[in-house]
Structure formats: C-alpha cells, structure tokens
Q: 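Please see the structure below; I have some questions.
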Protein chains: 2
Amino acid sequence: MPLPRPQIQLSVDCILLFLDGHTLRTLLIRRPIPPHLGTWALPGGFVRPDESLEAAAARVLAVETGVRDVYLEQLYTFGDPGRDPRGRVVTAAYIALVRPPAPEPREGAWTPMDALPDLAFDHLTILDYARQRLKYKLEYSPVGFRLLPEEFTLKRVQDAYEAILGRALDKRNFRKKLLSLKVLKPLAKFVREGPHRPARLYRFEEEKWERLKEKGNVFVF
Amino acid sequence: MPLPRPQIQLSVDCILLFLDGHTLRTLLIRRPIPPHLGTWALPGGFVRPDESLEAAAARVLAVETGVRDVYLEQLYTFGDPGRDPRGRVVTAAYIALVRPPAPEPREGAWTPMDALPDLAFDHLTILDYARQRLKYKLEYSPVGFRLLPEEFTLKRVQDAYEAILGRALDKRNFRKKLLSLKVLKPLAKFVREGPHRPARLYRFEEEKWERLKEKGNVFVF
DNA sequence: GGCCTTCGTGTACAATTGACACCATGCGCA
DNA sequence: TGCGCATGGTGTCAATTGTACACGAAGGCC
C-alpha cells in the first residue's frame, strides 16, 4: 500500500539563544518573503525529504544566520491549522544555544528576550515556550554551560542562571552548591575584567556530569 | 509565493497508558497493513490537512481503540529519514493517560511496559522516551492523578508513583508529603477492598494545584 | 473471639537550604 | 606610593526538608 499524497508542509524554526551579560537574546530576522514580509521572525525553513529534523534546523541556522556547531534540542511541534496563512504548515521548533563571543549574524538582530517586537506567525508563542523550557531545564540539567565559553568564571555562571531564572541568587550559596556537585574543574588561570581582583576560571566536565546523572542527582537552584 | 509541493508525510502515534495495580500498561495493536504487517505497534495514523496534531491524536485513539476523553500531551516528534520503509514519514508522538477502569480496547492488547514485544518502526524508542518523560514529569507535576479514578485512596496514589518511578516509597513519608501539599480533598467516604480496615477516599483539586504552581512549588518524590 | 490484613499515624536524626558580612586582591588615580 | 574602589572569595547558624523506622486501629473471615 503506497503512501497517500502528502498535504502538509513541514518546517523547522530555530530559537537561537545567546547570553549577553544579564540579557538573554535571540536572533530574529526580517521575513524576506510574504506572508508577513518584513516582519521579525524566527529563522526557519522547510524540511527537505532526505534530512532529519535536527539536520534541517542546523542547515537553516547555517544558511540564514551563518551560525554553525551549536547545541540543538527539539522544543515542541506547533501544528495548529491556520498558523500559516499560506496553508497547512506544521513546524518543529528547535532551541539552539551558542557560546560567546556572539557570532555576528549574516542577517537579523540579537533581540532581548524581554523586549520582543511583533512577530510573524505564532513565533511569540514559540519563544515563550522556549523560555519556559529553558527555565525548567536549568533545574535538572547543565544546559546553562552551553551558553558560556569553554572557560568561565563562577560569576558568569551565576549571571547565566540569574538571567534565565529571572531572579537574583545568593553568591555564597550559589558557589557552595555549584562546587559541591563536583562537575567543574578549577583551572590555574585567572582573568582580569576590571580594576579589581582577577577571578578564577573553571571548565565544565561533561563526564563528571554523566556520572552524577547516573546516580540520579540533579541540579536545583 | 505559493507553498512548495509537500513531500513529507506527517503522522501521529499514541502512547496510551493505563495503570493496572503496580503495572504500567500501554495499548498495542497489530498492524493491519504493510509494512510490518501483523507486528505490534502503537496506534497511529496520518494527520489530516484540517485538524490539529492533538485532534489527530484524539481521532486516532477513538477510531483505532475506541478510547475517548483522555488526557493528551505531546511527547516528541520523531523524524529520522528511514524510520518508515515506505518513504519519509515524520511522526508526532502523544502520551495519552486513561483512568481506570481500563477501557476494553476495540482491538489490540494492554501490554506491560516492562515486557514489550518486538515493535514496528521505531516504536520501541518512542515508548522508552515516553516512560522517561513520565518519570521526570511526575516530580514536578500532578500527572500521576490522570492515571487514577476521580476518587482514590492514598495507597493507590503511592502505587502509581511506585509503578512509574520503579522503586518503593516509604508509606508514612509519602503520605506526609502528599498531604502537606494540600491539593487533595479528603472525602467522608471509605472503601472496603478486602478483609481489613477500609481506606479513606480523596479527590485531587485542580485549582489548589494551580495556586501552588503559581507560587513555584513542585512535587518531588 | 481470635487471627489476618491493610489503614493510619509521629518522632528523631541527617542533610539541605537559605540568610547573612567581611577580608583579599588588584587597578587607577591623586 | 598609598588610598579608594570594585569585585573575588569564603563560613556559620537556623530553619526546613528528607529519611529511617514501629505499632495500635479497624474490619472481614473463620
């Protein structure tokens, strides 16, 4: 029995996130074609018949923004009829996390998540959903480190957590807990970032995290 | 600019779960058509151009199993090329939770989650993913109650948690914590379920849970 | 009435969370 | 060169939460 003729278009949309100090920013582009020509939108595109969804997301990012080698994670699939005026388009949304320094986008703008403009389609809904997911996920997984450079200070980690959770955390308690997880390797390197004492650099150790995970432990802030 | 011609089929698959004492069971059906004719599989079907994904899942359940009015939640979208030998089929998987008494399925069998047979396509992967999701979700949301009748004893709640988490919980601690959340209303009703003291019935109160959630509290067992 | 089974409850200790303040270090400037 | 300024880095105590653990109560059955 052959497949029926497809009648639904499948696309991917990418929420590309970047942490700029205490500000979480996402890359928006202006729609180059109708509908919503000129409106801000998430980078996205149709899935090709021979590529996986994740590959499609990676391709879209590379083509539309020039960004490569990012962490990708499926967020949710939005498929209400009517979300695209052209016809039935179902979209798989992917979260993509990039480390500083922020790649200069081929086009579009890094837009603060808390000052979003009018967006095409249901992209505002998608962004809200992404923010929620990231917030929850921070509590039991080390996604935060995917937004930091390979080597970072504890302050930067705290900045990341505060930006995503949207609230201030106590410095001493934060460090105590973070270090007690034993997933960070202190380096013999320091950075000067102003007229004050330099801060130690750390590195996140993936395999230590894996071991923790097997024992069922989780982050909780 | 018109839409390109669709080249990808979109389907939904349903993980219908039911709690049978300490056993979590899912409804599997034998594939009535090739490929994998006669092999056990999740109930599923193609999405129609005019229905939402969730509506498609509900329809598939109603038609293939006769089950209606269930809790539905999108699990994940599986879209690797090659997952269906007929061509490119991307499937949105939905978890569906039903309360006892177990509906008698129009076809298929309630199969224990820990004794799954060979399955068509990537349906084993999908079921593993579902089990994981349910386990995590139990920790911060009241999904467990969606597997129980409207009125239930504390023992039944504990059974549900133990079945899903796969480990025994201490009765006194479990009850203490559950009741401290103040989301259960004790009823002036008791059930006799054997030659022993009857147990009190409780009811889950959705709006009390909503209030808790706003304050940021979560279940953790 | 005695036995069996599950119901329902409290305490004590350990671990974790959360509040809170001060000295250290290095830069810049007078 | 020394003083001021800014951030780095650390510990203690109280409150809360988690965890281990045992026994009388209620009702059916024989």
Side-chain angles (χ1 to χ4, degrees), chain A residues 19 21-22 100 138-140 148-149 151-163 165-203 212-213 215-221, chain B residues 21-22 135 138-140 144 148-149 151-163 165-203 212-213 215-221:
Chain A
L19 193 64
H22 266 87
L138 206 58
E139 297 198 348
Y140 62 89
L148 296 174
E151 302 184 349
F152 47 79
T153 63
L154 296 183
K155 173 111 169 62
R156 290 260 171 262
V157 185
Q158 188 174 343
D159 283 348
Y161 274 76
E162 290 182 341
L165 296 178
R167 63 191 165 95
L169 301 170
D170 179 83
K171 181 166 63 157
R172 278 169 296 185
N173 293 339
F174 183 83
R175 288 166 176 241
K176 202 190 333 176
K177 187 152 178 187
L178 191 55
L179 294 175
S180 76
L181 292 170
K182 302 264 177 63
V183 294
L184 296 188
K185 178 190 190 129
L187 305 176
K189 295 200 230 171
F190 298 80
V191 273
R192 284 187 302 275
E193 290 188 317
H196 55 80
R197 180 173 173 181
R200 181 182 286 274
L201 286 172
Y202 291 80
R203 180 183 282 276
L212 241 192
K213 216 170 46 174
K215 281 186 267 164
N217 293 357
V218 292
F219 267 61
V220 179
F221 280 103
Chain B
H22 265 88
K135 201 160 147 182
L138 207 56
E139 298 198 347
Y140 62 89
L148 296 175
E151 301 183 349
F152 48 79
T153 63
L154 296 183
K155 173 117 171 59
R156 288 260 172 263
V157 184
Q158 189 174 341
D159 283 348
Y161 274 75
E162 290 181 342
L165 296 178
R167 64 192 165 95
L169 301 170
D170 179 84
K171 181 165 63 157
R172 277 169 298 187
N173 294 338
F174 182 83
R175 288 154 107 98
K176 200 191 331 176
K177 187 153 176 185
L178 191 55
L179 294 176
S180 75
L181 292 170
K182 304 262 178 63
V183 293
L184 296 188
K185 179 192 190 126
L187 306 176
K189 295 201 231 169
F190 298 81
V191 272
R192 283 188 304 274
E193 289 188 317
H196 55 81
R197 177 175 175 180
R200 180 183 288 274
L201 286 172
Y202 291 80
R203 180 183 279 278
L212 243 192
K213 217 170 43 173
K215 281 187 265 162
N217 293 356
V218 292
F219 268 59
V220 180
F221 281 102

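If you're wondering where the values come from, they're calculated on a predicted model, not measured in any experiment. Below, read A as the first sequence line, B as the second, and so on, with proteins coming before strands; counting in each chain starts at 1.
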Q: Can you list the steps and then say if B/Leu154 with B/Phe174 is a side chain to side chain contact (heavy atoms under 4.5 Å, CB included)?
A: CA-CA 9 Å; B/Leu154 296 183; B/Phe174 182 83; 5.7 Å; no

Q: Round to the nearest Å and state the distance from B/Leu178 atom CG to C/dG8 atom C1'.
A: 14 Å

Q: Can you check the B/Arg200 CZ to C/dT6 C1' distance for me, whole Å?
A: 16 Å

Q: Looking at CZ of A/Arg156 and CG of A/Leu148, how far apart are the two atoms once the value is rounded to the nearest 0.5 Å?
A: 8.5 Å

Q: Whole angstroms only, please: what is the CD-C1' distance between B/Gln158 and C/dC7?
A: 12 Å

Q: Could you spell out the base pairing of DNA chain C in dot-bracket, with Watson-Crick or G-U pairs whose two distances are under 3.5 Å, [ ] crossing and | to another strand?
A: ||||||||||||||||||||||||||||||

Q: Quick one: does B/Lys171's side chain get under 4.5 Å of B/Gln158's, heavy atoms only?
A: yes

Q: Find the distance A/Phe190:CZ to D/dT7:P and express it as a whole number of Å.
A: 19 Å

Q: Quick one: do A/Tyr202 and A/Val183 satisfy side chain to side chain contact (heavy atoms under 4.5 Å, CB included)? Show the steps, please.
A: CA-CA 10 Å; A/Tyr202 291 80; A/Val183 294; over 6 Å; no

Q: Kindly indicate, with the supporting measurements, whether the criterion side chain to side chain contact (heavy atoms under 4.5 Å, CB included) is fulfilled by B/Glu162 and B/His22.
A: CA-CA 7 Å; B/Glu162 290 181 342; B/His22 265 88; 3.0 Å; yes

Q: Rounded to the nearest Å, what distance is computed from the NZ atom of residue A/Lys155 to the P atom of nucleotide D/dA6?
A: 14 Å

Q: Could you give the CZ-to-P distance, from B/Arg175 to D/dG18, as a whole number of Å?
A: 18 Å

Q: Taking side chain as C-beta onward, heavy atoms only, is B/Val191 less than 4.5 Å from B/Lys189?
A: no

Q: Could you check how far CZ of A/Phe174 sits from C1' of D/dT10, rounded to whole Å?
A: 16 Å

Q: How close or far is atom C1' of D/dT16 from atom NZ of B/Lys177, stated in whole angstroms?
A: 12 Å

Q: Testing the basics here: between B/Arg200 and B/Pro186, what is the closest heavy-atom pair and its distance to 0.1 Å?
A: CD-CB, 3.9 Å

Q: Evaluate side chain to side chain contact (heavy atoms under 4.5 Å, CB included) for B/Arg203 paired with B/Leu184, printing each intermediate quantity in order.
A: CA-CA 5 Å; B/Arg203 180 183 279 278; B/Leu184 296 188; over 6 Å; no

Q: When you check every protein heavy atom under 4.0 Å of nucleotides 19-29 of chain C, what one-letter string (B, S, -) results, 5' to 3'?
A: BBB--BBBSS-

Q: Write down the atom of B/Thr153, the atom of B/Ala199, and the distance for their closest heavy-atom approach.
A: CG2-CB, 3.7 Å

